[in-house]
Protein chains: 4
Amino acid sequence: MQQRSWGCQDETVRFVWRIVHGVTPPPDPHRRNEQSRQAIVQAAVELCGEVGFDKTTVEAIAARAGVGKQTIYRWWPSKAAVLLEFMKDLRSSRADFPDTGDLRTDLRTQNAALVNLFGSRGGVVWRGLIAAAQSDPVAAAGVREVIDEAVADCSARLAKAVNAGQLRADVDLELVVELVYGPLYHAYLLRPDRIAGWRPEEALDALFSGLQPR
Amino acid sequence: MQQRSWGCQDETVRFVWRIVHGVTPPPDPHRRNEQSRQAIVQAAVELCGEVGFDKTTVEAIAARAGVGKQTIYRWWPSKAAVLLEFMKDLRSSRADFPDTGDLRTDLRTQNAALVNLFGSRGGVVWRGLIAAAQSDPVAAAGVREVIDEAVADCSARLAKAVNAGQLRADVDLELVVELVYGPLYHAYLLRPDRIAGWRPEEALDALFSGLQPR
Amino acid sequence: MQQRSWGCQDETVRFVWRIVHGVTPPPDPHRRNEQSRQAIVQAAVELCGEVGFDKTTVEAIAARAGVGKQTIYRWWPSKAAVLLEFMKDLRSSRADFPDTGDLRTDLRTQNAALVNLFGSRGGVVWRGLIAAAQSDPVAAAGVREVIDEAVADCSARLAKAVNAGQLRADVDLELVVELVYGPLYHAYLLRPDRIAGWRPEEALDALFSGLQPR
Amino acid sequence: MQQRSWGCQDETVRFVWRIVHGVTPPPDPHRRNEQSRQAIVQAAVELCGEVGFDKTTVEAIAARAGVGKQTIYRWWPSKAAVLLEFMKDLRSSRADFPDTGDLRTDLRTQNAALVNLFGSRGGVVWRGLIAAAQSDPVAAAGVREVIDEAVADCSARLAKAVNAGQLRADVDLELVVELVYGPLYHAYLLRPDRIAGWRPEEALDALFSGLQPR
DNA sequence: TACTAAGCGAGACGGTACGTCGTGTCTTATG
DNA sequence: CATAAGACACGACGTACCGTCTCGCTTAGTA
C-alpha cells in the first residue's frame with residue numbers, strides 16, 4: 001500500500017505525533033476497514049464522473065458508499081484527499097515511463113497516454129484536483145506530489161536521452177519537461193476543446209526542431 | 001463600457017428576451033449605479049487578495065462594497081463574473097502585444113509581463129478564475145474569452161514574424177502560442193514556486209533552437 | 001404580542017444591544033415572516049405530540065414547517081424556546097384565575113384545569129420543557145417565567161381570600177401556592193399514572209382541614 | 001448486590017433467554033469486573049457534578065473511567081441506568097425513615113435530609129434523572145422505583161402515626177405523602193432557588209394545622 | 001498446565017442531529 | 001424603479017455522540 005502523509009502507519013511515528021502535537025493522534029490504520037476505504041474512493045470517483053468535482057460533496061460520497069461521514073473525515077481531510085488517493089493509485093497502476101531507446105517515440109507515447117487520461121473519467125477528477133489545488137493547500141500538496149513524480153520520471157528518461165545524444169545537454173531538464181507537457185496542460189486547462197484533436201507528434205516535432213526558420 | 005453577454009444593453013434584445021422567456025427582462029443598464037459597480041469589483045478584488053478566491057463570498061463582497069447582494073446578482077451571475085470583469089479591464093488597460101520588430105524580444109517582454117501578473121494581486125484572481133472555469137461554465141466562457149483574445153493577439157504578432165522570416169512557416173500558430181505560454185502556465189498552475197525564478201529567455205531559447213543536439 | 005427577551009422589537013434596545021455586546025444584534029422583527037413563525041411553532045407542537053419532546057429535533061421541525069433551519073435559529077435559541085412560545089400563548093389564551101368568591105371552588109376549578117392540561121398535548125410539551133429546564137438555562141428561564149406568572153395569579157387570588165377571611169393570614173402565600181400545586185406536580189412528574197385519577201377536591205380538603213386528627 | 005432487571009444473574013434465566021431471543025445471552029455477572037463497575041459509576045457521578053447530567057455522555061464516562069464503551073453498554077442500557085445505580089446505592093446507604101415517636105419531628109427530619117440531598121452532588125444527579133424520566137422509559141422506571149420505595153417508607157411511618165392518633169385517619173396515605181413532599185419537589189424542579197431557604201417546619205405546620213382561618 | 005471462552009480496553013463503524021455558513025431569491029423601505 | 005438591507009428555503013459543512021462491531025489482551029474456569 002502507498003505511503004500517506006496523514007494517517008501514518010508506524011507506531012513510533014504515532015507516538016511522536018502524540019508528543020509533538022499534544023493531541024489526538026490520527027487513527028490506527030491497522031483497524032481500518034478496507035471495504036469502506038475502497039467504497040469511499042470508488043463512490044467519490046463515480047460521483048465526480050456523474051456530477052463533476054464541485055458538486056461531489058462529502059455527504060453524497062458517504063451516502064453512496066454506505067458509510068458515515070465521520071469515516072471519511074477520519075481518514076481524509078477533504079474530498080480532494082480522497083480523489084488524490086485515486087489519482088495516485090491510477091498513476092502507480094500505470095507502467096513506468098516508456099523507454100524504447102528512441103526519446104521522441106517515448107514522449108509521443110507518454111503524451112498520448114496523457115491525452116487519453118484527460119478524456120477519461122480520471123481526467124474529470126484530475127481537472128477538479130488541479131482546480132482545488134489553486135486554493136486548498138492539501139490538494140496543492142497532493143497534486144504537487146503527483147506532478148513531481150511525473151516530472152521526475154520524465155526527467156530520468158530525458159537524462160538517458162542526453163547520454164544517448166538524443167537531446168541537447170545544455171538545457172535544464174525540468175524546463176524541458178515543462179516544454180513537453182506545458183502546451184498540453186495549457187490546452188487541457190484553458191482551451192479544453194483542443195484536447196480532442198491534440199496531436200502529440202506535431203507539438204514534439206516543433207519542439208525538437210525549434211521554431212527558427214531553417 | 002465593454003460588452004457583456006449577460007445583462008444586455010440593447011433595447012431590441014431586451015424586448016426579444018421578454019417574449020422568449022415570458023417574464024422579467026434583465027435590468028436597464030441606463031439606470032445602473034456606476035458607483036456601486038466599481039465598489040463591487042474593487043471589493044471583490046481586494047477580498048481575493050486578502051483571503052483568496054475561494055473564501056471571497058458574494059456576501060462578503062456585498063458587505064465590503066456597502067451594497068445589497070441583489071445588486072450583485074442583478075448584474076453578474078456569480079462572483080467569477082465580477083472578477084472576470086476585473087481581468088478584462090486589466091487586459092484592456094495594458095498595451096497591445098509589443099512589436100519591436102524582433103520576435104524573440106517581444107515574446108520575452110510579453111512573457112515577463114505575464115510572470116509579473118502572476119505574482120501580483122491579479123495573479124491570485126486569475127488563478128481563482130482558471131480554477132473556477134474547470135467546473136463553472138460561466139467562468140469557463142469568460143476565461144476562454146480572455147485567453148482567446150490573448151492567443152489572437154499573440155498569433156497576429158507571430159504571423160508578422162513569419163512574414164519577416166523570423167519564424168518557421170510550417171507550424172500552426174495556435175500551437176506555437178501554446179508552446180510559448182504552455183510551460184509558463186504549467187509552472188503557474190502546477191508548480192507555483194517555480195514562477196518566482198522563471199526566466200523567459202531560457203525557455204524561449206530552448207524553444208527556438210529546438211531540443212535536438214547540434 | 002407578548003414580550004420576548006431575545007429578539008427584541010425596540011429600535012433603541014437593538015442599538016444599545018449593538019453597543020453593549022459589540023456584535024450582531026438580533027434580527028429585525030418588523031421583517032419577520034409571520035407565516036413561518038406560526039408554521040414553526042405549530043410543527044414543533046405537533047411533533048412533540050407525535051414523537052415526544054426529546055425526539056422532536058430542530059431539523060424535523062424545520063422540515064415539517066417547510067422552513068430553513070436557519071429561520072428557526074434566527075428567532076429562537078433552541079427548540080425549547082419555540083415550545084415555550086407555545087406554552088406562553090396557551091397561558092395567555094386561557095381565562096384569568098377564576099374568582100367566584102369562594103376560594104375552595106376556585107382552586108378546585110383551577111386545579112382541574114391543570115389536570116386537564118397535563119393530559120392534553122400541551123401536557124407533553126410542558127413535561128418536556130420542565131425536563132429541559134433542569135439543564136438548559138434558556139428553558140429554565142422560560143419555565144420559571146411561566147411558573148412565576150401562575151404563582152402570581154394564584155397568590156393574588158389567595159390574597160383576596162385572606163381579606164375575605166377564607167384563608168389563614170399567617171402563612172406565606174407563596175408557600176400556600178406550593179402546597180396547593182406541589183402535590184399535583186409531584187404526581188405529574190414522578191408518578192404520572194396517578195394524574196388520570198387525580199381528585200382535586202380530595203387534596204384541597206385535606207389541605208384546608210389540616211392533617212391533625214380532630 | 002442489588003437486583004437489576006437487565007443483566008440477569010440466574011443461569012436458567014440466561015438459558016431461556018438464549019432460546020427465546022435466539023442469540024447472545026446477557027453477560028455473566030460472575031465474571032464482571034467490580035473495579036470497572038465502580039469506576040464507571042463514580043466517573044458518571046463526578047461528570048454529572050462537573051458538567052451536568054446532559055453533558056455527561058457515555059463516551060466521557062468511559063474515557064474518565066478508563067473503560068471501553070462496550071463495558072458500559074454491556075451492563076447498563078444507558079447513562080441514566082448507571083446513575084440510577086448510584087441513586088439506589090445512596091438511598092440504601094441512608095438510614096430508614098426516622099421514628100422518634102413524634103410524626104412532625106420525623107417528617108421535618110426527613111424533609112430536611114431531602115433538602116440536603118437536593119443541594120448536594122446527588123441533587124444534580126437526581127434532577128437529571130427526573131428530567132430523563134420524562135421521556136426515557138428506562139429512567140422513568142428507575143425513578144419510579146426509587147420514588148415508590150420512598151413513598152412506601154413514608155406511608156409506613158404515617159400508618160404508625162395514624163395508629164398513634166397523630167394523623168387523621170380518613171385521608172389516603174399516598175395523598176398525604178404527596179402533600180408532604182409535593183411542595184418541596186415543586187420548588188426543587190420549578191423554582192430551584194427556593195430550595196436554599198426552604199424551611200420544612202413552616203410547610204409542615206401549615207399542612208398539619210390546615211389553611212382554614214381559626 | 002494448557003485450552004477455551006468470556007470480559008475487557010480500545011476505538012472504528014453506520015448513523016442522526018447539531019449549529020453555522022453561503023447560496024440565490026424574495027420582500028420591505030428609501031431615494 | 002434601482003437600491004441597501006436582510007429574511008427566507010435550501011443544501012452542505014465539519015463535529016459530537018449514539019449504540020454496535022471488531023480487534024488483541026488478559027483472566028478465569030475446564031480439560
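Reminder, nothing fancy here: chain letters follow the sequence lines and each chain counts from 1.
Between A:Q134 and B:Q134 the shortest side-chain heavy-atom distance does not fall below 4.5 Å.
Formation of a donor-acceptor pair under 3.5 Å by the B:K79 side chain with backbone atoms of B:F53 is found in this model.
Minimum heavy-atom separation, D:S78 to D:V138: OG-CG1, 4.4 Å.
In this structure, the CD atom of C:Q35 is 13 Å from the C1' atom of E:dC26, given to the nearest Å. E:dC18 atom P lies 13 Å from atom CG of C:D136, rounded to whole Å. Atom CG of C:D54 is separated from atom C1' of F:dC17 by 15 Å (rounded to the nearest Å). Atom NZ in D:K55 sits about 14 Å away from atom P in F:dC18, given to the nearest Å. A straight line from CH2 of C:W76 to P of E:dG19 spans 15 Å, rounded to a whole angstrom. Rounded to whole angstrom, the span from the CD atom of A:E59 across to the P atom of E:dG14 amounts to 15 Å. Distance CD1 (B:I40) to P (F:dA2): 14 Å, rounded to an integer number of Å. E:dA10 atom C1' lies 17 Å from atom CD1 of D:I61, rounded to whole Å.
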Find every protein N or O atom lying less than 3.5 Å from an N or O atom of nucleotides 20-24 of chain F, and list the pairs.
from: F:dC21; atom 1: N4; to: D:Q70; atom 2: NE2; distance (Å): 2.2
from: F:dC23; atom 1: O2; to: A:R31; atom 2: NH2; distance (Å): 2.6

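Checking E:dG7, E:dA17, E:dC13 against every side-chain atom of D:R74, the shortest atom distance belongs to E:dG7.
In this structure, C:R37 fails the cation-pi test against C:W75, since its NZ or CZ atom is not both closer than 6.0 Å to the six-membered ring centre and inside 45 degrees of the ring normal.
Residue D:W76 forms a side-chain contact (heavy atoms from CB on, under 4.5 Å) with just one option from D:V82, D:L84, D:L83, and that option is D:V82. Checking each of B:N33, B:T71, B:V58, B:V45 against B:I40 for a side-chain contact (heavy atoms from CB on, under 4.5 Å) leaves exactly one that passes, namely B:T71.
Position along DNA chain F of the nearest nucleotide to A:K79 versus C:V67 favours C:V67 as the more 5'-ward residue. Both D:T57 and A:A60 lie close to DNA chain F; mapped to their nearest nucleotides by heavy-atom distance, the more 5′-ward contact belongs to A:A60. Toward the 5′ end of DNA chain E lies the nearest nucleotide of A:G68, the other residue of the pair A:G68 and B:T56 mapping further downstream. Comparing D:A63 and B:V58 by the nucleotide of DNA chain E that holds the closest heavy atom to each, the one mapping nearer the 5' end is D:A63.
Look at A:S36 and you won't find any side-chain N or O under 4.0 angstrom from OP1 or OP2 of E:dA12. Close to F:dA9, at under 4.0 Å from its OP1 or OP2, lies a side-chain N or O of C:T71. Contact annotation: A:W75 side-chain N/O to E:dG11 OP1/OP2 distance is not under 4.0 Å. Proximity of B:R32 to the phosphate of F:dA2: no side-chain N or O atom is located under 4.0 Å from OP1 or OP2.
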- Task: Any chance you could lay out the side-chain contact (heavy atoms from CB on, under 4.5 Å) test for D:D54 and C:D136, step after step, and finish with the verdict?
- Result: CA-CA 9 Å; D:D54 263 42; C:D136 167 10; over 6 Å; no
